[in-house]
Amino acid sequence: MDLGFLFQASIPSWEAVAILFIFFFYLAIAGSVLPGRVIPGVILSDRTRLQYRCNGLLSLLVLVALLGVGVKMNYISPTAISDRGLELLSATFWFSVLATFLLCVAGYSSSSQSASLKPHITGNFIHDWWFGIQLNPHFLGIDLKFFFVRAGMMGWLLINLSVLARSVLNATMSQSMILYQTFCAIYVLDYFVHEEYMTSTWDIIAERLGFMLVFGDLVWISFTFSIQGWWLLTNKAELTTAATIANCLIFLIGYLVFRGSNKQKHMFKKNNKALIWGKPPKVVGGKLLASGYWGIARHCNYLGDLLLALSFSLPCGISSPIPYFYPMYLLILLIWRERRDEARCAEKYKDIWAEYTKLVPWRILPYVY
């Protein structure tokens, strides 16, 4: 690819804009009308709670079924996404810029005093645009924060499926592609099976909705998490049987740690007396869980996330650093986020946090960090 081609492909085409619009329109309708459990969010500072309709799994399955029918009837090309990767990336990026600019305008003009919509204005536009002004802005009754993270996760799977279709058509299907696609599909489907756990994550309960989150959800998740699939379209990796087994074990361990730790945290927030690994939980100061995974490291879920990211890249072998961009970036991001979390928790919980850090000294990886 020359620079002229890359420049031309990075300009959003009308086809890419249409695909993005149809995708968002479907998610808005499906998220509103399809049945699903309504989960109360955490109690906010003004004692209110948002309600989340967790029908992401059904929305995803219906969407994939509709696309499958469209492909079968030759209405849709299975490679419509993979053939317009850079165009869709550009369209999604500029949508993120525009959407967060409008969120800033709405935040600056808001006079609401509710915890969800109260504007947090610093006077620095770049800061307000990047980190956001409002905690949980809505548009036409849609919780935008929940909507964008759902769109990002579904977008990642749709990109992968289109890349898989291109691999089949190009006759380049390999064991590495099968491993990568399988791991990612399990991860995304598991996310939507346990979608209610998202309602108690830091992004939902504490981060305001700005460019950092919108870009992260729509662009970063969808397009950087799929780099390995794109790479495998034009590159071949030979894996030994031992390497394949080791890769599967890393994925399994990462999944168990990631899902187990997030489940323990979610259940503890719903009931701080729920058993952890069959025993009553150890609670510091009546607020902080120090049992199970959370008694091993203060951010054990990050360890699981890093192992999963590594397992997505290992099918590509070690001939190129490109497939490892995601786990390398994620390592930097999670250490930065862990530092922010630690500072906020120290300020919020004070002596309780100090007691907790003495009881659980490791941040992410026991005996290392």
Side-chain angles (χ1 to χ4, degrees), residues 10-12 20 24 41-50 89-152 155 198-225 298-299 302 305 325-326 328-350 353 363-364:
S10 66
I11 299 174
L20 193 63
F24 286 157
V42 299
I43 300 175
L44 301 175
S45 59
D46 60 357
R47 311 307 297 172
T48 60
R49 303 179 78 167
L50 298 179
L89 171 61
S90 179
T92 309
F93 171 78
W94 287 113
F95 172 83
S96 301
V97 173
L98 177 61
T100 48
F101 175 78
L102 294 176
L103 284 172
C104 271
V105 172
Y108 282 134
S109 60
S110 174
S111 58
S112 175
Q113 294 301 306
S114 69
S116 290
L117 300 177
K118 181 179 180 180
H120 297 264
I121 300 171
T122 66
N124 182 327
F125 176 79
I126 298 300
H127 182 280
D128 294 340
W129 170 74
W130 181 268
F131 290 105
I133 294 176
Q134 296 174 305
L135 183 64
N136 294 297
H138 285 64
F139 178 70
L140 299 179
I142 298 171
D143 185 295
L144 292 179
K145 190 186 289 185
F146 202 62
F147 177 86
F148 287 143
V149 70
R150 176 181 285 183
M198 187 64 194
T199 64
S200 61
T201 60
W202 186 262
D203 284 354
I204 294 293
I205 66 177
E207 295 281 14
R208 296 187 292 276
L209 187 62
F211 183 77
M212 181 181 72
L213 279 189
V214 176
F215 175 84
D217 289 338
L218 297 181
V219 179
W220 208 254
I221 289 178
S222 298
F223 292 93
T224 65
F225 288 21
R298 301 198 293 272
H299 304 275
Y302 291 175
D305 218 356
F325 173 80
Y326 167 41
M328 289 188 293
Y329 157 80
L330 188 65
L331 176 63
I332 296 171
L333 171 69
L334 292 183
I335 290 177
W336 173 70
R337 171 170 282 194
E338 170 265 321
R339 296 283 174 162
R340 289 179 64 212
D341 291 350
E342 294 271 328
R344 287 181 176 180
C345 289
E347 180 180 358
K348 179 178 180 180
Y349 297 111
K350 297 182 172 58
W353 183 255
R363 296 170 180 261
I364 297 176

Quick one: are the ring centres of Phe93 and Phe223 less than 6.0 Å apart?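 Distance test on ring centres: not under 6.0 Å, no.
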
Is the distance between the ring centroids of Phe325 and Trp220 under 6.0 Å?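 Ring centroids of Phe325 and Trp220 are less than 6.0 Å from each other.
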
After noting the C-alpha distance and the side-chain angles of Ile142 and Phe24, does the key distance pass the side-chain contact (heavy atoms from CB on, under 4.5 Å) rule? CA-CA 12 Å; Ile142 298 171; Phe24 286 157; over 6 Å; no

Can you name the ring-ring contact (aromatic ring centres under 6.0 Å, His included) partners of Trp202, sequence neighbours left out?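 Trp202 satisfies ring-ring contact (aromatic ring centres under 6.0 Å, His included) with no other residue.
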
From [X] atom [atom1] to [Y] atom [atom2], the distance as rounded to the nearest 0.5 Å:
{"X": "Ile364", "Y": "Asp305", "atom1": "CD1", "atom2": "CG", "answer": "10.0 Å"}
{"X": "Ile221", "Y": "Phe215", "atom1": "CD1", "atom2": "CZ", "answer": "11.0 Å"}
{"X": "Ser116", "Y": "Arg208", "atom1": "OG", "atom2": "CZ", "answer": "13.0 Å"}
{"X": "Glu342", "Y": "Arg344", "atom1": "CD", "atom2": "CZ", "answer": "12.5 Å"}
{"X": "Glu347", "Y": "Trp353", "atom1": "CD", "atom2": "CH2", "answer": "13.0 Å"}
{"X": "Leu209", "Y": "His138", "atom1": "CG", "atom2": "NE2", "answer": "11.0 Å"}

Provide the closest heavy-atom pair for [X] versus [Y] in the form atom of the first, atom of the second, distance.
{"X": "Gly41", "Y": "Arg49", "value": "O-NE, 2.7 Å"}
{"X": "Pro119", "Y": "Gly107", "value": "CB-O, 3.3 Å"}
{"X": "Phe148", "Y": "Leu218", "value": "O-CD2, 3.6 Å"}
{"X": "Ala115", "Y": "Ser45", "value": "CB-OG, 3.5 Å"}

Does [Y] offer a backbone N or O that forms a donor-acceptor pair with the side chain of [X] under 3.5 Å?
{"X": "Asn136", "Y": "Lys145", "answer": "no"}
{"X": "Thr100", "Y": "Ser96", "answer": "yes"}
{"X": "Arg298", "Y": "Arg363", "answer": "no"}

Under 4.5 Å between any side-chain heavy atoms of [X] and [Y], yes or no?
{"X": "Phe125", "Y": "Phe101", "value": "yes"}
{"X": "Ile133", "Y": "Leu103", "value": "no"}
{"X": "Leu50", "Y": "Phe146", "value": "no"}
{"X": "Val219", "Y": "Leu89", "value": "yes"}
{"X": "Val149", "Y": "Thr201", "value": "no"}

For Arg150 and Met198, run side-chain contact (heavy atoms from CB on, under 4.5 Å): C-alpha distance rounded to whole Å, both residues' side-chain angles, the deciding distance at 0.1 Å, then the answer. CA-CA 10 Å; Arg150 176 181 285 183; Met198 187 64 194; over 6 Å; no

Taking only residues two or more places apart in sequence, or in another chain, which ones meet Phe131 in a side-chain contact (heavy atoms from CB on, under 4.5 Å)?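 Only His127, Met212, Arg340 meet the side-chain contact (heavy atoms from CB on, under 4.5 Å) criterion with Phe131.
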
Classify the side-chain pair Ser114/Ser112 by whether it contains a donor and acceptor separated by less than 3.5 Å.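 Present: a donor and an acceptor within the cut-off.
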
Any ion pair linking Arg337 and Asp203 (charged N to carboxylate O, less than 4.0 Å)?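 Result for this pair is yes, salt bridge flagged.
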
Got a sec: does the CZ of Phe139 have more than 12 other heavy atoms crowding it under 6.0 Å?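 12 or below, so no.
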
